[in-house]
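The structure under discussion appears below in the form of structure tokens.
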Amino acid sequence: MYKQKTKETDSSVIEFIENVDNPKKREDAYQLLDVFAKTTGYEAKMWGPSIIGFGIYHYKYESGHEGDAPLVGFSPRKAKISLYFSTGDKKREELLQAFGKHTSGKGCVYINKVADIEIDVLKELINQSLKFLREKYPNNEVK
């Protein structure tokens, strides 16, 4: 049986950010913390050892696999900063066209630094992700 690896923890978000080696990446992490918290209205929580998440939703796939995940989040990793938004939303791709310098995978958007992106578009991406997940999981699965 599948066991979910990335779960919400009681670890300190501030302590995690303070331990980011690169001073510029640490500064960017604090800026992202502020943007995500103000935009979502949710308190930041650590998910696993390195993801800072906001809000929570319960997902269940047709396969029967289910679990909890943050609505949105980010992680200041060594190579790039990973941003986590909902997947499967066509509006996300439209917004990313105006986002600035980034690359993206299925579940993540990667940036080198906050100065490379448009903060207003980041806020739109966060809000769109929240909207999409609330519509996809309408029965109180989003908290």
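All values below were derived from every heavy atom in this structure, side-chain atoms included, with hydrogens, water molecules and symmetry-related copies excluded. Because the structure is predicted, anything quoted here is derived from the model rather than measured.
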>> What's the separation between atom NZ in Lys78 and atom CG in Asn22, rounded to the nearest 0.5 Å?
In response: 10.5 Å

> Do any N or O atoms from the side chain of His58 and from the backbone of Gly67 form a donor-acceptor pair under 3.5 angstrom?
Replying inline: yes

>> Which residues pass the salt bridge (charged side-chain N to carboxylate O under 4.0 Å, His left out) test with Lys90, not counting sequence neighbours?
In response: none

> With Glu135, which residues qualify under salt bridge (charged side-chain N to carboxylate O under 4.0 Å, His left out), at least two apart?
Replying inline: Lys131

>> Please enumerate all residues that pass side-chain hydrogen bond (donor to acceptor under 3.5 Å, both in side chains) together with Ser50, with sequence neighbours excluded.
In response: Arg77

>> In this structure, would Tyr110 and Leu33 fall into the same cluster of hydrophobic residues linked by side-chain contacts under 4.5 Å?
In response: no

> Out of Leu83, Leu125, Thr40, which one pairs with Val72 under the side chain to side chain contact (heavy atoms under 4.5 Å, CB included) rule?
Replying inline: Thr40

> Can you name the side chain to side chain contact (heavy atoms under 4.5 Å, CB included) partners of Lys91, sequence neighbours left out?
Replying inline: Asp89, Glu94, Leu95, Gln128

> Residues two or more places apart in sequence or in another chain: which of them pass side chain to side chain contact (heavy atoms under 4.5 Å, CB included) with Gln31?
Replying inline: Asp28, Val114, Ile119

> Sequence neighbours excluded, which residues qualify as salt bridge (charged side-chain N to carboxylate O under 4.0 Å, His left out) partners of Lys113?
Replying inline: Asp116

> How about Tyr57 and Leu130: do any of their side-chain heavy atoms sit closer than 4.5 Å?
Replying inline: no

> With no hydrogens and no angle check, is any side-chain donor or acceptor of Ser129 less than 3.5 Å from a backbone partner on Ser86?
Replying inline: yes

>> If I compare all heavy atoms of Pro76 with all of Phe16, which pair ends up nearest, and what's the gap?
In response: CD-CE2, 3.7 Å

> Can you name the side-chain hydrogen bond (donor to acceptor under 3.5 Å, both in side chains) partners of Lys80, sequence neighbours left out?
Replying inline: Asn112

>> Quick one, Ile111 and Lys101 - any side-chain contact, counting heavy atoms below 4.5 Å?
In response: no

> Is the number of heavy atoms from other residues, nucleotides or ligands within 6.0 Å of CD (Glu43) greater than 12?
Replying inline: no

> Taking only residues at least two apart or on different chains, which pairs with a member in residues 68-92 satisfy ring pair (Phe, Tyr, Trp, His ring centres under 6.0 Å)?
Replying inline: Phe36-Phe74

>> According to salt bridge (charged side-chain N to carboxylate O under 4.0 Å, His left out), who are the partners of Glu27, at least two apart in sequence or on a separate chain?
In response: Lys24

> In Å, rounded to the nearest 0.5 Å, how long is the span from CD of Glu124 to CG of Leu96?
Replying inline: 11.0 Å

>> Which residues pass the side-chain hydrogen bond (donor to acceptor under 3.5 Å, both in side chains) test with Asp34, not counting sequence neighbours?
In response: Lys38

>> Test of understanding: with side chain to side chain contact (heavy atoms under 4.5 Å, CB included), list the residues that count as partners of Thr9, not counting sequence neighbours.
In response: Ser11, Met46

>> Between Ile52 and Leu32, does the side chain to side chain contact (heavy atoms under 4.5 Å, CB included) criterion hold? Intermediate values first, please.
In response: CA-CA 10 Å; Ile52 300 169; Leu32 290 169; over 6 Å; no

> Quick one: do Val13 and Tyr42 end up in the same hydrophobic cluster if we chain Ile, Leu, Val, Met, Phe, Trp and Tyr together by side-chain heavy atoms under 4.5 Å apart?
Replying inline: yes

> Under a 4.5 Å cut-off applied to non-hydrogen side-chain atoms, are Leu71 and Tyr137 in contact?
Replying inline: no

> Got a sec, which residues hit side chain to side chain contact (heavy atoms under 4.5 Å, CB included) with Glu18, two or more places apart in sequence or on another chain?
Replying inline: Ile14, Arg26, Tyr30

> How many angstroms lie between OG1 in Thr87 and CZ in Phe132, if you round to the nearest 0.5 Å?
Replying inline: 7.0 Å

>> Evaluate Ile81 against Lys25 for side chain to side chain contact (heavy atoms under 4.5 Å, CB included), listing each step before the verdict.
In response: CA-CA 8 Å; Ile81 298 170; Lys25 208 161 254 166; 4.0 Å; yes

